[in-house]
Amino acid sequence: MQIDIDIYTVKKLVPLRFSQKVEVSDQIAIFRLSHEGVTGLGEVAPFRYYGIDNSWTALEKWFPRLKLLEEFSPLQRVLIDNKLRKLGVPSAILAGIDIALHDWMGKSLGLPLCDLLGLQGMPYPDTSLTIGINDPSAAVARLNSWLELGPTRLWKIKLGSPDGLDADKSMFEALADSIQTTTTKVYVDVNGGWNQEQAFHMAEWLKPFGVLFLEQPLARGEETQLAELSETSALPIYADESCLHTDDIRGLVRGAKAGCHGINIKLMKCGGIAEAIRMIVLAKHHNLKVMLGCFSNTILGNTAAAHISSLVDYVDLDSHLNLVNDPCTDGAVWSAGRLIPNGLPGLGVSCL
Ligand SMILES: [Mg+2]
């Protein structure tokens, strides 16, 4: 098969601030894998934290070496994945290839990927819309601008402000009234911005607002404290940065006990759709709830995740809705708070 790689800079409509940084724009790559007249599309979006380097600099070094894929057939997805993992290829690139190969398979057979996986007729969970860290009035303005898309059912609020808990509380209180008029569901993502004591306090403070759970309150590396917090916290605890792939789930589970209540799976963290399905199975085995999330993905990456989203409890695939210049079109449709595949073969995404 042939591999072509196109690079784009995607800009955010509204910069997204969370406890670690502010995101304004990102470079992404679109992989096109062609064989027998069919082209599968895959996306690579960078991320970097806690020494896990999928930064753009780390990723682009690998692009010329991916010519090695030309000796394979798209039906050798597992063989390809094994070879690339052995070479130490970063997970975001593994994901881009895995997504393109799934798209190729669906297009070749003339079936949407979700149908190919036997998921036809399964209900789709709510997709959250994200409000970043900001001053209270700007946060409320962002909530109102999101509502221009139409009604939603689930909000993700980023807390863990570098300005401390008082800033977190002021922003959340400002949003709480508006949220109650639009939906009863909201959860909080801290991106590791609190310590154990702060997280315990904030879980108690947030519970009366009806918050569903706290995502990644502590930093990656503090999984022992995360497990302690999960036992005593007023709210369930989900792991994101602490859970990249199946090996991390094994690390979170101690004996018969899971060290948290749920995990956030991202295709770029784990290496693609196949590994995400393995994580879902393992997480369910340990009674963990599952969320599917994103980085600065376009409609392509988020549609790939949407095709398996009927297998999970919560969906957080809103990044493409905040892009000014998404190079991809079509794909899953955001409809009344849910992201639903469009019924076209493969992923159903077009790209410039
Ligand atoms: Mg998160």
Side-chain angles (χ1 to χ4, degrees), residues 12 14-23 26 45-52 54 91-92 95 125-134 139 142 146 154-162 168 171-172 175 185-195 198-199 202-203 206 211-223 225-226 229-230 233 235-245 248-249 252 259-270 276 279-280 283 288-297 301-302 305 309 312-322 339:
K12 290 199 187 299
V14 179
L16 179 62
R17 183 180 178 204
F18 49 98
S19 72
Q20 311 297 329
K21 63 171 183 166
V22 184
E23 288 180 346
D26 256 314
F47 72 96
R48 180 187 182 145
Y49 41 55
Y50 304 110
I52 294 140
N54 275 248
S91 60
D126 297 335
T127 298
S128 51
L129 297 177
T130 304
I131 299 175
I133 292 173
N134 221 317
R142 181 61 182 126
W146 269 131
L154 186 62
W155 296 102
K156 169 186 281 218
I157 311 297
K158 295 276 194 186
L159 296 183
S161 168
D168 280 339
M171 188 184 109
F172 194 88
L175 289 166
K185 292 200 210 164
V186 57
Y187 67 96
V188 164
D189 185 7
V190 191
N191 295 103
W194 293 337
N195 62 33
Q198 289 172 322
M202 287 301 286
L206 288 164
V211 170
L212 292 170
F213 55 84
L214 289 184
E215 185 184 335
Q216 196 70 37
L218 312 181
R220 180 179 169 90
E222 297 180 10
E223 284 71 40
Q225 294 92 322
L226 195 80
L229 181 68
S230 296
S233 166
L235 292 175
I237 304 295
Y238 283 34
D240 178 1
E241 286 87 342
S242 285
C243 188
L244 306 183
H245 37 58
D248 279 340
I249 299 180
L252 286 166
C260 59
H261 300 94
I263 59 167
N264 185 349
I265 298 173
K266 296 178 182 170
L267 300 183
M268 296 300 126
K269 288 194 302 183
C270 72
M279 289 181 80
I280 292 167
L288 292 165
K289 294 279 188 193
V290 178
M291 185 197 305
L292 261 177
C294 59
F295 289 104
S296 290
N297 288 101
N302 285 345
S309 65
V312 307
D313 303 288
Y314 297 100
V315 178
D316 176 35
L317 298 171
D318 61 343
S319 56
H320 65 287
L321 299 169
N322 189 33
L339 196 64

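Along the sequence shown, residues carry numbers from 1. Whatever order the structure lists ligands and atoms in, that order sets their numbers, starting from 1. Below, all heavy atoms of this structure are taken into account, side chains as well, without hydrogens, waters or symmetry copies.
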Ala305: side-chain contact (heavy atoms from CB on, under 4.5 Å) partners, not counting sequence neighbours
Leu267, Leu292, Leu317
Identify which protein N/O/S atoms are less than 2.8 Å from the Mg ion (ligand 1).
Asp189 OD2, Glu215 OE2, Asp240 OD2
NZ of Lys289: more than 12 outside heavy atoms within 6.0 angstrom?
no
When you measure from the centre of the six-membered ring of Phe295, is the NZ or CZ of Lys266 closer than 6.0 Å and no more than 45° off the axis?
yes
Answer with yes or no whether the side chains of Asp318 and Trp146 bring together a donor and an acceptor at under 3.5 Å.
no
Taking everything shown except Arg17 itself, do over 12 heavy atoms lie less than 6.0 Å from its CZ?
yes
With Lys269, the side chain to side chain donor-acceptor pair (under 3.5 Å) member among Asp240, Asp248, Asn54:
Asp240
